[in-house]
Amino acid sequence: MPPPRPPSPPADDAEVVQQPAALLGKSATVVASFAVVVHLALGLTVAGYAEPPDEILALLVLGVGFSTLLWWSCSGAPRSRAFVNGMEAVALLGASTGYSLTLLFFDVHHHFERLVLLGMTFMAVMRTTVVPSRVLRTLVMTALMGVPLLISVGIAYRSYVPQPHDPLSYTHRPLVMVAWTLVWWSTSVGICGFLSSVLYGLRRQVRAIRKLGKYTLAEKLGEGGMGSVYRAHHAMMRRPTAIKLLARGYSSERALARFEREVQLTSKLSHPNTITIYDYGRTPHGVFYYAMELLDGAT
């Protein structure tokens, strides 16, 4: 008989992804909005900068809209991890498509694909460093972001006219430009995959350090004379739990005995106005702790 499947991760696990996704959406919105302002300023001051300007502006605003959608949807109420991952994919692919399509309206002789490449690389690296993600997901998401860019470059350079006085301009054929764009973006995918591997591994180490047996620590709730109290969740049970850790400065036998006596005396109380002690012990690093009932209310 196969062993029972573990329960789904608690809401705190989804928040590990939701808050960084909201930060990614917010940062991308601010940077892209600044790019829109610069584009408008150049269009008004530089003759022939963008023809036709309306289509380019609409696509830039579309990219900002997708970033804002990610920011808005991942802010506020807790969301499931599947919802956050889905919104992240929609926002990144939608924004990259909008920015890539602007190449169809810029003068191809100005080589604006370099600017789009730089902006999208920044967006991909920022996503990798901010949002916790497995290496495979990072590689797939980053690679998919480059698909509309490669297609747009290939279509845009079909209208490129070589300059007789510039022999290098004859190398700007669609296939050549797509190939060089692919080299750039493949490098970006590899860098993002490497960063994801390093950062995801570090995050897993931090989470392992914050585990006390079957309990995983979340945010700190308070701090007293002898220790700190953290919100925590049990690997199997879904009840609200608080963990109190003895401060590192109280490692003497006397302090440990006092802390253990506090646990034992509290566990004997059965009044409705007292908390319930669930468990106590020591971490692999020798830190004494006990788990207790977590109640919402005034401090």
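- Linking ILVMFWY side-chain heavy atoms closer than 4.5 Å, directly or via other members, places Leu139 and Met141 in a single hydrophobic cluster.
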Practice problem: Test side-chain hydrogen bond (donor to acceptor under 3.5 Å, both in side chains) on Thr138 and Arg127 and set out the steps. | Solution: CA-CA 9 Å; Thr138 297; Arg127 182 261 170 197; 3.1 Å; yes
Quiz prompt | Full working for side chain to side chain contact (heavy atoms under 4.5 Å, CB included) between Glu88 and Arg137 | solution = CA-CA 11 Å; Glu88 180 199 19; Arg137 177 175 171 80; 2.8 Å; yes
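- Residue Leu115 holds its CG atom at 11.0 Å from NE2 of His39, rounded to the nearest 0.5 Å.
- Within the 4.5 Å cutoff, the side chain of Phe106 has no heavy atoms near those of the His111 side chain.
- We find the CG-CZ distance between Leu118 and Phe122 to be 9.5 Å, quoted to the nearest 0.5 Å.
- Environment of CH2 in Trp184: crowded, with over 12 heavy atoms of neighbouring residues, nucleotides or ligands closer than 6.0 Å.
- One finds the OG1 atom of Thr276 at 4.5 Å from the CD atom of Glu293 (value rounded to the nearest 0.5 Å).
- Nearest heavy atom pair, residue Thr128 against residue Ser196, reads CG2-N, 3.6 Å.
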Practice problem: Could you walk me through whether Lys244 and Glu223 pass salt bridge (charged side-chain N to carboxylate O under 4.0 Å, His left out), step by step? | Solution: CA-CA 9 Å; Lys244 184 173 183 179; Glu223 188 171 357; over 6 Å; no
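- Nearest heavy atoms, Ala91 versus Leu70: CB-CB, 3.6 Å.
- Here the shortest heavy-atom pairing between Ala22 and Trp71 reads O-CD1, 3.7 Å.
- Under the 4.5 Å side-chain heavy-atom criterion for ILVMFWY residues, no single connected hydrophobic cluster contains both Leu60 and Val30.
- Counting all heavy atoms, side chain and backbone alike, Val130 lies closest to Leu23 at CG1-CD2, 4.0 Å.
- Of all heavy-atom pairs spanning Tyr157 and Pro174, the tightest one is O-CG, 3.5 Å.
- Rounding to the nearest 0.5 angstrom, the gap separating the OG1 atom in Thr121 from the CE atom in Met123 is 9.0 Å.
- In terms of heavy-atom proximity, Ala32 sits nearest to Val64 at CB-CG2, 3.5 Å.
- Under the 4.5 Å side-chain criterion, counting only non-hydrogen atoms from C-beta, Ser100 is in contact with Met120.
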Quiz item: Does the pair Leu103 and Phe112 meet the rule for a side chain to side chain contact (heavy atoms under 4.5 Å, CB included), with working shown?
Solution: CA-CA 7 Å; Leu103 298 178; Phe112 272 101; 4.1 Å; yes
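- Between the side chain of Gln18 and the main chain of Arg79, a donor-acceptor pair closer than 3.5 Å is present.
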Without placing hydrogens or testing angles, list every side-chain donor-acceptor pair under 3.5 Å for residues 144-151, not counting sequence neighbours.
none

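- Looking at heavy atoms from C-beta onward, Thr129 lies in side-chain contact with Leu199 at the 4.5 angstrom threshold.
- Side-chain contact between Thr142 and Trp185 is present, with at least one heavy-atom pair separated by less than 4.5 Å.
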